[in-house]
Structure formats: C-alpha cells, structure tokens
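Since the structure comes first, as structure tokens, the remarks are kept for the end.
Counting convention: from 1, in listed order, for ligands and their atoms alike. All of these numbers come straight from a predicted model, not from anything done at the bench. These numbers come from the heavy atoms of this one structure, side chains and all, not from hydrogens, waters or symmetry mates.
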Amino acid sequence: MANPALDEKRAHVTEIHEPAPARPSLRVVPADRTEDDATLGQFIPIHYHYQMLDQEPRIAGFEQAIEATVRPGSKVVELGGGTGVLSFFAARAGAAKVWCVERIPHVADAARRFLETNGVSDRVEVVNADASSFLPPEPVDVVVCEMLHTAMVREKQLEVIAAFKARYRARFGGPLPRFVPEAAVMAVQPVTTAYDFHGYRAAVPMFVDANNAHRIARMAAPALYAMFEYAADYDGTFDVDAVTVMEKEGVVNSLRFVTKNLLAILPDEGRSIDWDMQDLVIPLASPLAVREGDVVRLRFRYAAGDSLLALASAIERE
Ligand SMILES: C[S@@+](CC[C@H](N)C(=O)[O-])C[C@H]1O[C@@H](n2cnc3c(N)ncnc32)[C@H](O)[C@@H]1O
C-alpha cells in the first residue's frame, strides 16, 4: 500500500544520496615536496596579503623609506608587487612611472583593481611576470623589492635582486638604481624557549615580536653574522662560525634569528629607516646545558632562499 509519508522520505533519501557532480580531484602535495621552499616561499596568494598590509612596522617603514627615496618624476620598478601597496606609495611620492611586477595572475589582477581604486593606475603599470626575468624598457631610479623573510630563508629577495642587477647592467650599463631596502643586518642568539602549551611540549619553530617574546629567555648577547648592501656584490651564502659567552646557567634549547632591514639609509640625517622583522626561533635538536662564562660556538651554513631547516645548526661548548 502506498504510504505517502514514506515515499516522501525515500525521495529525500534518494536526493541526498545522489552521486555528487564530478569535481576535480584534490591536488595533494607529494610527501617529498612538502619541504620544497622553491614553491612554498614564493607563492603568496591574495588571502595572505591582509597580514602583510596590516603589519604596521613593515608598512610604515616602507611608506617612509619610499617617501624619502622616490622623487617627483622618478621611474620605479617594484619586484613582487602583491596588492600594489608599495607601488602606490611610490606613485604618491611623485613617481612618473612605476612597473609593478607580480607573478601570480589573480594577485596581479587584484593589484590592478586596487591601484585603479586608489587613483594611480595612470602611473602604475602592473606586469604579470616573473621578477627573475623582468627588465623595464628604460633605466629606473629606484627598485623596491619586498620578498623578505627573517634570516633571508625561503623567499628569493637576494637571488631576484642579484639577477636583476646583472640584467640591468648588461642592458643599461651603470649606475644602478637605488634599492629599497638598501641593506640588511642579521644576528643569531642562544636562548632558552618555553615550548609548553597547556602541558603539551612541542619544540616548533616560532616567529615572535622582539618586544613580546615572553617565551624566550636570553642566554647570551646576539652575535652579528651578516651585513650586506643590495647595491654591492654579495654571494648570498652565510657561513657562520660565531662565539658567544653565556651570561647565566641554564639550557640553551634554541637559537633566535634577528633580521633588521635598512629600508632607506639617510646619511645627511645620520639615520636609517628600518624594519625589524619578527624574530625566528629555531629549536635545537640537542639542547646544551651551560654555566655562566661558558664559551659557546655556533656554526651553520645556508644560502639565502633555503628552507627554514637549513638553520638547524651545530652548537657546541668550546
Ligand atoms: C612578501 S609579498 C610583498 C607584496 C607587496 N610588495 C607588499 O609589500 O605588500 C611578495 C610578493 O612577491 C610575489 N612574488 C614572489 N616571487 C615572485 C617572482 N619571482 N616574480 C614576481 N612576483 C613574485 C608574491 O606572489 C607576493 O605577492
């Protein structure tokens, strides 16, 4: 006998059990590619740009450095333009022409829209290209590039700028444009880190604000290990062998990497406009018990753009 209530239920069940329309299969990153920073560090889709736009020390530092560097009528290239915000600062400082180079098509499209909304699309041209091969059609005064990462790992800032300089010299000769940032200083410091999370111990790498590093206790002074200028030649490898003296007894279980970007150096004013990045704290595979006065040697070698794991260092008491 027909039971209309049951028929209705069956119809509903049939509906929800209907095979789903064919969807593209999930693209799963093969296990041996998960540490591939050649891909991980360089593609920054639009959903990560809010964090960058809202990072006050970064954005304010670049705004001031670009104001101090770009003159009315300047020609500017921005490598790795993202949303176009730094190109906008250059246009607002009076640049006559800005080439804003961004490799990800949907990010380049977003930049075009934002630059139009902000009234500078007549002077900023978004170029959807790989910054590693881009050259402007004419010499420029300033090159802005923010493909930066603490300790210069993962992102390709040094590689992209070195390649740009070589192509630029070959095509236009000297002098080189001014770079924003102009230079960087990097240091490493032995620390003790509290890796306890509600009773769960997990020694993971951390990014911390220098002024809010409540989990980190200093064990020795930071040791400066690199200093370079983008306009000068650099080889992009850091071969570090630093000696530090322990200030107290304890266990060194991690290294803190500190990176200061000198966005614009203003010799006339005796100052620079800097961006202190978040510090990167890397846990050591073998923590080292130390006493006050112990001399501890830190040794590691990596190339700019390498994986974070390249910072896993050798640390030993002298
Ligand atoms: C750290 S974000 C900075 C974006 C923007 N300049 C800003 O300061 O907000 C770096 C940008 O460079 C782009 N990028 C990375 N490698 C690139 C390459 N080889 N060529 C062009 N763009 C690249 C990324 O997609 C990303 O949008």
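The shortest N/O to N/O separation between M147 and ligand 1 does not fall below 3.5 Å. Checked against a 3.5 angstrom limit, the closest N/O atoms of E155 and ligand 1 fall outside it.
Classification of D141 and R71 as a salt-bridged pair fails, no side-chain N sitting under 4.0 Å from a carboxylate O. Salt bridge E138/K97: absent, no basic N to carboxylate O contact under 4.0 Å. Note on D196 versus R201: no salt bridge recorded, every NZ/NE/NH1/NH2 to OD/OE distance being 4.0 Å or above. Ion pairing of R112 with E116 is absent here, as no side-chain N (NZ or NE/NH1/NH2) approaches a carboxylate O to less than 4.0 Å.
Each of the following atoms of ligand 1 lies closer than 4.0 Å to a heavy atom of A129: 20 (N), 21 (C). Taking every heavy atom of D130 and a limit of under 4.0 angstrom, the matching atoms of ligand 1 come to 18 (C), 19 (N), 20 (N). Residue G82 approaches ligand 1 through these ligand atoms, each under 4.0 Å from one of its heavy atoms: 4 (C), 27 (O). Interface atoms of ligand 1 facing I104, defined by a heavy-atom separation under 4.0 Å, are 25 (O). Near H49, the atoms of ligand 1 lying under 4.0 angstrom from a non-hydrogen atom of the residue are 27 (O). Close approach of ligand 1 to A131 (heavy-atom distance below 4.0 Å) involves ligand atoms 18 (C), 19 (N), 20 (N), 21 (C).
Side-chain contact check for Y50 and D54: at least one donor-acceptor pair (N or O, by modelled atom type) lies under 3.5 Å.
Within the 4.0 Å heavy-atom criterion, neither part of K156 lies near ligand 1. Using a 4.0 Å cut-off between heavy atoms, L86 contacts ligand 1 through its side chain alone, with no backbone atom that close.
Taking each of E146, R58, E78 in turn, the one with a heavy atom nearest to atom 9 (O) of ligand 1 proves to be R58. Closest to atom 22 (N) of ligand 1 by heavy atom, among Q51, M52, R103, is R103.
With sequence neighbours left out, R167 forms a salt bridge (charged side-chain N to carboxylate O under 4.0 Å, His left out) with no residue at all. Partners of D239 by salt bridge (charged side-chain N to carboxylate O under 4.0 Å, His left out), not counting sequence neighbours, listed by chain and number: R301.
Between C145 atom SG and L158 atom CG the span is 9.0 Å, to the nearest 0.5 Å.
In this structure, V160 falls outside the shell of residues with a heavy atom less than 4.0 angstrom from ligand 1.
Between F257 and H149, the ring centre distance reaches or exceeds 6.0 Å.
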